[in-house]
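Working notes for the structure below.
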Amino acid sequence: LSLPSVPHSIVHRLDYATSGLLFVARNPDSQRYMHSLFRSRGLQKEYSALVHGHVGAEGDKGTTTFEAVQDVRHRPWMAVATEGYVEQLEGMEERSEWAEGVLGKLRREGRRGLDNVSEWGIEGHFRVAVGGGTAKVTRVGMRPRTGRTHQLRITAREEWGRGILGDEGYAVGGEAKGVVKEAGGGDEVEINKRWGKAMCLNSRRLRWKHRITGQVVDVSIGDWWEEDLLV
């Protein structure tokens, strides 16, 4: 990717290992406009994710809301700020200077964490080819209404108790390092043997109003893992 010499030209960021579309400024005017889109939530973002197992029913839709805070015990991950979470952190025997800064900000603002709001829809149940076998997965369309760190990855865990394929940071149980085990027993198969370190979370669609023409720009791409899905 060749970028112009504009300071901070990348104003849209994706988590490491997340694939897909990225919004980049080509000149200072575009950069300012893009920042205004993010502030006003004028940029609509849509993601695809493969979640472990068969969850929900095809066509199900919903909104997941929670508060999250930087996990001072496991940096750089985020943690869901449940009732009493700040008090638990305050009770830690040893806290780093960085942890003190996080807690100090929460105390000043009088809140547990930042709001995370995501809309989602179940798009289908599939099996995915890995390690010479197959495993159950669910394709979910996800639309973040807020833009928080690791928001969609935590949403999967909070809503269905499952992680996104290939997500080591927020894996649940045996999902760590992309390992999948079929329900009811069977051999474990490793996602990483098939796809390397990739995480099955894809920025598939961006929609916004053009800065000059005012026309709606709608850009989308397919999911890189599509050829590996089995009905």
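Please read all numbers here as calculations on a predicted model, not as lab measurements. Counting from 1, the numbers follow the sequence of the chain as shown.
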Quick check against the 3.5 Å criterion: does [X] have a side-chain atom that pairs as donor or acceptor with the backbone of [Y]?
{"X": "Arg162", "Y": "His52", "value": "yes"}
{"X": "Thr65", "Y": "Val117", "value": "no"}
{"X": "Ser203", "Y": "Leu21", "value": "yes"}
{"X": "Asp60", "Y": "Ala57", "value": "yes"}
{"X": "Asp223", "Y": "Glu226", "value": "no"}
{"X": "Asp167", "Y": "Arg153", "value": "no"}
{"X": "His125", "Y": "Val55", "value": "yes"}
{"X": "His54", "Y": "Phe126", "value": "yes"}
{"X": "Thr18", "Y": "Leu14", "value": "no"}
{"X": "Thr213", "Y": "Gln215", "value": "yes"}

What's the shortest heavy-atom distance between [X] and [Y], and which atoms?
{"X": "Leu201", "Y": "Trp225", "result": "N-CZ3, 3.8 Å"}
{"X": "Tyr33", "Y": "Lys209", "result": "OH-O, 2.5 Å"}
{"X": "Ala49", "Y": "Ile164", "result": "CB-CD1, 4.1 Å"}
{"X": "Ser30", "Y": "Ala25", "result": "C-CB, 4.1 Å"}
{"X": "Lys45", "Y": "Leu206", "result": "CG-CD2, 3.6 Å"}
{"X": "Trp77", "Y": "Gly169", "result": "CH2-CA, 3.6 Å"}

Is the closest side-chain heavy-atom distance between [X] and [Y] below 4.5 Å?
{"X": "Val217", "Y": "Arg207", "result": "no"}
{"X": "Tyr170", "Y": "Leu152", "result": "no"}
{"X": "Asp115", "Y": "Phe66", "result": "no"}
{"X": "Trp160", "Y": "Val140", "result": "yes"}
{"X": "Val137", "Y": "Val51", "result": "no"}

So Asn202 and Ser48, side chain to side chain donor-acceptor pair (under 3.5 Å) or not? Walk me through it. CA-CA 5 Å; Asn202 185 47; Ser48 292; 5.2 Å; no
CG/Asp29 to CD/Gln31 distance, rounded to the nearest 0.5 angstrom? 10.0 Å
Between atom CD of Glu67 and atom CE of Met78, what is the distance when rounded to the nearest 0.5 Å? 11.5 Å
Do the charged groups of Glu123 and Arg204 touch, with an N to O distance under 4.0 Å? yes
With the threshold set at 4.0 Å, does a side-chain nitrogen-carboxylate oxygen contact exist between Arg145 and Glu119? yes
If you apply the rule side chain to side chain donor-acceptor pair (under 3.5 Å), what do you find for Thr155 with Trp120, and how did you get there? CA-CA 9 Å; Thr155 294; Trp120 52 265; over 6 Å; no
I'd like to know whether Gln151 forms a side chain to side chain donor-acceptor pair (under 3.5 Å) with Ser118, so could you lay out the CA-CA distance, the side-chain angles of the two residues, the decisive distance to 0.1 Å, and finally the verdict. CA-CA 8 Å; Gln151 175 174 326; Ser118 301; 2.6 Å; yes
